[in-house]
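These notes concern the structure reproduced below.
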Amino acid sequence: MKAQAHTSTARRIIHDDPSEGAAAIIKTAIIETPRVKNDNGKDAKADAKADRGQVVQSLCRALNILTILGSSDGPMTLTELSEAANLSPSTTHRLLTTLQYERYVRFDQSARGWVVGVQAYMTGANFLKTRNLVDVARPRMRRLMEESSEIVNLAVEENGEALYLARVGGPRAAQVAVPQTDRTLLHCSAVGKALLAGMPETKVQTIVTQRGMRQFTRSTLSSLPALYRDLTLVRTRGYALDQEERVSGLRCVAAPIFDENSRVMGALSLSGSSRRIEDARLRALGEMVKRAAAAVTQELGGRVPVPN
């Protein structure tokens with residue numbers, strides 16, 4: 001079974017649960033090996049040392065120069081580039097000339113400095129067309145599940161709701177009464193609040209006006225000012241909490257995933273019973289899911305916004 005590349009076509013959550021007892025809650029199972037294997041069936045890590053001997057040094061240096069230019073706010077001189085890359089000016093110029101020939105860099109005559117070229121943009125644009133959120137996030141989700149022993153969810157916003165794209169069940173999955181739905185409202189869920197925190201206030205207000213703020217439990221946020229205060233906390237600490245706001249006895253922790261323009265494009269969350277996810281664990285789990293979401297953001301070519 002292969003996940004659809006576009007969220008608009010997703011109509012069923014993709015589940016991945018290694019435990020036998022989780023069949024009561026998990027409707028669809030995809031069992032994956034958590035370690036990467038090579039073509040001979042061996043652990044790919046075992047080949048890492050051998051692979052280093054095949055690295056082409058000049059290519060690595062050229063790519064490093066391209067990375068430095070891509071991270072710069074403006075044109076860079078030859079001297080600046082050679083110092084940043086820790087190379088001699090002559091070596092740096094030779095590599096720049098090669099990259100310029102292939103249109104990965106160009107020399108800006110007016111600014112008297114080097115900048116990223118059109119071919120680098122075209123290559124990056126192709127990556128944006130082919131990247132798949134579920135495929136990129138799934139290995140991080142499995143690692144997060146193994147680290148936390150809790151259920152891990154991946155969701156995106158669609159039509160003012162959180163649409164769940166994938167779920168990885170932990171060894172205790174069958175003991176948690178996770179609602180079997182592929183959608184939920186945003187104001188009452190950790191993934192929902194992680195998504196809302198990355199949106200402009202006008203969009204948050206539009207969604208709440210259209211969808212309302214249904215009261216699921218005594219802990220559900222029931223007013224827009226209360227939601228705004230909670231979203232401010234989410235932005236400050238980098239993760240959102242669901243304190244039994246959707247289901248009594250269930251707690252969730254979520255963090256946003258961002259695209260290349262620092263716009264929220266999805267969220268990862270941990271779900272577990274309030275007996276296991278106690279107050280003492282919340283901060284540690286929050287930092288855990290925050291790191292995982294940041295790693296997915298990086299692998300997608302995205303940027304985590306800098307807090308104001």
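Throughout, numbering of the chain's residues begins at 1 and tracks the sequence. Keep in mind it's a predicted model, so treat the numbers as computed, not measured.
Using a 4.0 Å cut-off between charged nitrogen and carboxylate oxygen, E260 and R303 do not count as a salt-bridge pair. Looking at R251 and D279, a side-chain N of the basic residue comes within less than 4.0 Å of a carboxylate O on the acidic one, giving a salt bridge. One finds a salt bridge joining E157 and K203 here, because a Lys/Arg side-chain nitrogen approaches an Asp/Glu carboxylate oxygen to under 4.0 Å. Taking 4.0 Å as the cut-off between side-chain N and carboxylate O, E158 and R183 count as a salt-bridged pair. Between K193 and E245 there is a salt bridge, since at least one side-chain N of the basic residue sits less than 4.0 Å from a carboxylate O of the acidic one. The existence of a salt bridge linking R140 and E299 is confirmed by a sub-4.0 Å separation between a basic side-chain nitrogen and an acidic carboxylate oxygen. For D259 and R263, the salt-bridge test passes: some basic side-chain N is under 4.0 Å from an acidic carboxylate O.
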**OP:** Decide yes or no on side chain to side chain contact (heavy atoms under 4.5 Å, CB included) for I207 and M199, but give the supporting numbers first.
**Re:** CA-CA 10 Å; I207 289 174; M199 299 178 188; 3.8 Å; yes
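For the 3.5 Å distance criterion, the side chains of N153 and S269 qualify, holding a donor opposite an acceptor. Side-chain atoms of S88 and T91 include a donor-acceptor pair closer than 3.5 Å. Using a 3.5 Å distance cut-off with no hydrogens or angles, the side chains of R106 and Q100 do not pair a donor with an acceptor.
Taking the centre and axis of the six-membered ring of Y101, the NZ or CZ atom of R103 falls outside the cone set by 45° and 6.0 Å.
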